[in-house]
2 protein chains.
Amino acid sequence: MRISELSRATGVAIPTVKYYLREGLLARGNATAPNQADYVAAHAHRLHLIRVLREVGGLSIGRVAAVLAAIDDASLPRHELFGVAQRALAPPSAGSASAQVTLAEAEIDLFLADLGWEVSAEAPARRSLAEALVALRKLGRDCGAEVFLPHAQAAGHIAEQEVSGVGAEGDRAAAVEKLVVGTVVFEAALVALRRLAHEHYSGLRAALYTPGQ
Amino acid sequence: MRISELSRATGVAIPTVKYYLREGLLARGNATAPNQADYVAAHAHRLHLIRVLREVGGLSIGRVAAVLAAIDDASLPRHELFGVAQRALAPPSAGSASAQVTLAEAEIDLFLADLGWEVSAEAPARRSLAEALVALRKLGRDCGAEVFLPHAQAAGHIAEQEVSGVGAEGDRAAAVEKLVVGTVVFEAALVALRRLAHEHYSGLRAALYTPGQ
DNA sequence: TATAATGGATACTGCTACTATCTGATTCGG
DNA sequence: CCGAATCAGATAGTAGCAGTATCCATTATA
């Protein structure tokens, strides 16, 4: 497969493919001549993965690179895959937290302890949750971490099912990829479904179908 | 309150405040002299809202502007608020869908019908969900819309509680704002909680605490 | 009154994610 | 076997976004 076929097969423009090659996201094809290289199905798959992470997951190219590095790193022990994948997927938390956020993080820790959840102190999602709490307060809602209880229960439900569904089968790289794709794609799906459910449970369907009223 | 006090009170740099003024996200202060304007608490609140939508919600300035326009539009009837807010918050869906996505959308419609959910055909989240399904397929997972069933149930649960919690009290603008903030902030919280739950339910805590092994 | 800060306009910057162009092979249709 | 098209790779350029910086003629302040 030459670059133009790869491009056609995946729907990614040739200059973009070249850009990914330059950035090291995509391995170079097997060179058969100074200006001829052979790409195989694995290249097309990798290209699809890159695009899904970018477009569905909204990851930057740099973050995609980190995720791919985790997928490719054969030295990672299996039991660390989940953590590494999560860290690679996490948004680049803005350096040091404000005092408000640090305070909120402590509240979040208590909340998680009440739930019986054990998470590492470095989990990026801890910070995100604290920031969400601070956001609510800045906007005048005087609430504690317990506002998140319904969401925590729902999240716990899904996560339990998802984790049990990820078997140990397949090779290591395939397993990390599955983890990453699951995290990213089902997150997008969950968010979309919540919004659809909002629409359903609020009574706005009629309003949307008859916008004139 | 002068601009420097507004800046200090909210933690937003003065040039950034000026940028928001230029873009019309923030109303100008009441001018008391050619180079003196008075800002009030409402300005600080609006500034906080802008930052939350940007940083927690990840919205672009353009999208923030659309959301604020919906909040400020006094002519919107109350029963359309939810729909308008959702549309304003939605990511700018890339024009026309591919054939694959269009096909997936039909499957999603069936899936939603099976759930008994009634959503408008223009709901942007429908497209997002279809795109998630297409992403899974591009990566070699041969699955139907029913893979989303657990997520749909969880999303339904939360949405039901959230919708029932949003009363009709307060003035109209405050109500839309609450809707928007709830959608954005609890979405971020839900996503963070899912990741934390992943960490808890997979057995990776020990691995993270003793990374050397 | 000297110094600093203000509001507003205009111009500039840094970053990201591509695009475009160039070059010297190489392949392919006739 | 020849000329047009295509190729891989390198280098340079672009568009858009979200601020930043600078300038100006005031106005507040020590």
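As the structure is a prediction and not an experimental result, all values here were calculated from the model. Throughout, protein chains are lettered first and strands after them, A, B, ... in sequence-line order, and every chain is numbered starting at 1.
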- Task: Please determine, by modelled atom types, if A:Y20 and A:R51 share a side-chain donor-acceptor pair under 3.5 angstrom.
- Result: yes
- Task: Might you point out which heavy atoms bring B:Q86 and A:R195 nearest each other, and give the distance in Å?
- Result: NE2-O, 3.0 Å
- Tell me, with the steps shown, if A:R2 and A:E5 meet salt bridge (Lys or Arg N to Asp or Glu O under 4.0 Å). CA-CA 5 Å; A:R2 287 175 306 184; A:E5 300 172 79; 3.8 Å; yes
- Query: Rounded to the Å, how far apart are A:E23 CD and C:dC15 P?
  - Reply: 15 Å
- Can you tell me how far P of C:dG8 sits from CG of B:N30, to the nearest Å? 11 Å
- Query: Parallel, tilted or perpendicular for B:H151 and A:F186, by the 30°/60° rule?
  - Reply: parallel
- Query: Among C:dA25, D:dT29, C:dA17, which is the nearest nucleotide to the side chain of A:S60?
  - Reply: C:dA17
- Task: Please determine if A:E107 and A:R137 form a salt bridge, counting it only when a charged side-chain N lies under 4.0 Å from a carboxylate O.
- Result: yes
Might you list the N or O atoms of the protein lying below 3.5 Å from N or O atoms in nucleotides 2-4 of chain D, with each pair's distance?
none

- Item | Base D:dA8 to side chain A:N35, donor-acceptor N/O within 3.5 Å cut-off | no
- Task: With the side chain counted from C-beta on, respond yes when B:V64 and B:E23 share a heavy-atom pair under 4.5 Å apart, and no when they do not.
- Result: no
- Message: Does D:dT6 have its OP1 or OP2 closer than 4.0 Å to a side-chain nitrogen or oxygen of A:R2?
- Response: no
Listing time: all N or O pairs from protein to nucleotides 19-21 of chain D that are below 3.5 Å?
| unit_1 | atom_1 | unit_2 | atom_2 | d |
| --- | --- | --- | --- | --- |
| D:dG19 | OP1 | B:R51 | NH2 | 3.1 |
| D:dG19 | OP2 | B:Y20 | OH | 3.2 |
| D:dG19 | OP2 | B:R54 | NE | 3.0 |
| D:dT20 | OP2 | B:T16 | OG1 | 3.1 |
| D:dT20 | O4 | B:R22 | NH2 | 2.7 |

- Query: Nearest-Å distance, CD (A:E5) to P (C:dC28)?
  - Reply: 10 Å
- Between D:dC7 atom P and A:I3 atom CD1, what is the distance in whole Å? 8 Å
- Query: A:L26 has an atom CG; how far is it from atom P of D:dA8, in whole Å?
  - Reply: 12 Å
- Task: Grab the CG-C1' distance between B:L25 and D:dC17 for me, whole Å please.
- Result: 13 Å
- Query: What is the minimum heavy-atom distance between A:L193 and B:A152, and which atoms define it?
  - Reply: CD1-N, 3.6 Å
- Nearest whole angstrom, please: distance from the P of D:dC17 to the CG of B:L53. 18 Å
- Message: Show the nearest heavy-atom pair for residues A:A189 and B:A132, with the distance to one decimal.
- Response: CB-CB, 4.4 Å
- Message: side-chain contact (heavy atoms from CB on, under 4.5 Å), that's the test. Do A:L68 and A:L49 meet it? Break it down for me.
- Response: CA-CA 9 Å; A:L68 296 179; A:L49 179 58; 3.8 Å; yes
- Mind listing the residues from residues 36-43 of chain A sitting with a heavy atom below 4.0 Å of DNA chain D? Number order is fine. A:Q36, A:A37, A:Y39
- Closest nucleotide of DNA chain D for A:R8 versus for B:P34: which of these residues is on the 5' side? A:R8
- B:T183 side chain vs B:L179 backbone, donor-acceptor pair below 3.5 Å: yes
- Query: Mind checking whether A:H200 and B:W117 have parallel, tilted or perpendicular rings, split at 30° and 60°?
  - Reply: parallel
- Grab the CD1-C1' distance between B:I14 and C:dT6 for me, whole Å please. 9 Å
- Task: Verify, without hydrogens or angle tests, whether A:R46 (side chain) and A:A41 (backbone) share a donor-acceptor contact under 3.5 angstrom.
- Result: no
